[in-house]
Amino acid sequence: MYQYSRAIYRSIKDLIDPYADQQTQLASRREVLAACENTMERLAKDPLYFAKPHRALFEDIRRYFPITAQAQVAWAVQEGVTAAVTFIEEQVEAGALDGGAARCRATTRKGKPCQRTPLPEREYCPSHQHLETRVAA
Ligand SMILES: [Zn+2]
């Protein structure tokens, strides 16, 4: 899911208030990225009960953008969230979701199943994606 939150963030980060000082811009970028990731996490955990996730995310982050960029931000958020929702719906249909979210297939060093969300169309999370590469090789 992080691929989707990063994609949304990348598409809008340069629209963050260009007249703010550097510190403020940096802080705003952090807030926007965190909001994108929170939305994706919530979506992954609770895909069937999270109504209008793109509106929720846009409401969370719109204050960091100037009036002139609002429409573009709204559009980018909607595109990005729709892509994520489509991905999740495909996972649900494929029966890949267990208890609401797909889980990485790796086992942690403590011997417990990894709880992280796999990369899109993969079976492992970003931390364990090397395992998949090894199997494929
Ligand atoms: Zn993992």
Side-chain angles (χ1 to χ4, degrees):
M1 293 315 292
Y2 287 101
Q3 182 169 319
Y4 292 103
S5 51
R6 297 275 160 171
I8 296 171
Y9 172 70
R10 274 199 306 272
S11 66
I12 59 178
K13 70 180 166 64
D14 293 331
L15 300 171
I16 289 169
D17 192 357
Y19 303 112
D21 62 83
Q22 213 179 352
Q23 284 299 322
T24 309
Q25 268 197 29
L26 220 58
S28 299
R29 285 183 175 218
R30 250 183 249 122
E31 293 295 326
V32 168
L33 180 59
C36 291
E37 287 182 344
N38 285 341
T39 300
M40 288 304 140
E41 265 168 40
R42 202 180 141 195
L43 205 53
K45 276 190 198 128
D46 211 6
L48 304 176
Y49 301 102
F50 191 176
K52 297 192 171 65
H54 62 91
R55 288 211 67 87
L57 176 56
F58 181 62
E59 290 302 321
D60 279 352
I61 63 175
R62 64 185 302 174
R63 67 178 178 276
Y64 301 110
F65 299 89
I67 297 279
T68 50
Q70 298 277 317
Q72 200 180 337
V73 171
W75 183 85
V77 165
Q78 183 165 353
E79 289 291 298
V81 172
T82 300
V85 168
T86 304
F87 168 70
I88 288 174
E89 283 172 355
E90 284 168 3
Q91 299 292 299
V92 171
E93 276 169 25
L97 294 189
D98 180 21
R103 295 281 179 236
C104 171
R105 292 184 54 172
T107 303
T108 64
R109 268 174 291 179
K110 289 179 179 170
K112 291 184 178 158
C114 177
Q115 293 295 306
R116 296 190 63 190
T117 306
L119 292 161
E121 291 166 46
R122 298 291 175 82
E123 293 179 330
Y124 294 94
C125 72
S127 317
H128 291 115
Q129 60 179 317
H130 59 280
L131 294 171
E132 189 157 81
T133 314
R134 194 181 298 163
V135 170

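Counting convention: from 1, in listed order, for ligands and their atoms alike.
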- Query: Does a side chain donor of either Arg103 or Thr117 reach within less than 3.5 Å of an acceptor in the other side chain?
  - Reply: no
- Note on the structure: Applied to residues 71-83, the side-chain hydrogen bond (donor to acceptor under 3.5 Å, both in side chains) test, sequence neighbours excluded, yields none
- Message: Strictly by salt bridge (Lys or Arg N to Asp or Glu O under 4.0 Å), give each pair with a member in residues 62-71 just once, sequence neighbours left out.
- Response: Glu59-Arg62
- Sorted by first residue and then second, give each salt bridge (Lys or Arg N to Asp or Glu O under 4.0 Å) pair with at least one member in residues 31-44; sequence neighbours left out. Arg6-Glu37
- Arg29 atom CZ, neighbour heavy-atom count above 12 within 6.0 Å: yes
- Note on the structure: Excluding water, the protein N, O or S atoms sitting under 2.8 Å from the Zn ion (ligand 1) are Cys104 SG, Cys114 SG, Cys125 SG, His128 ND1
- Message: When you measure from the side chain of Thr108 to the backbone of Lys112, do you find a donor-acceptor pair of N or O atoms at a distance under 3.5 Å?
- Response: yes
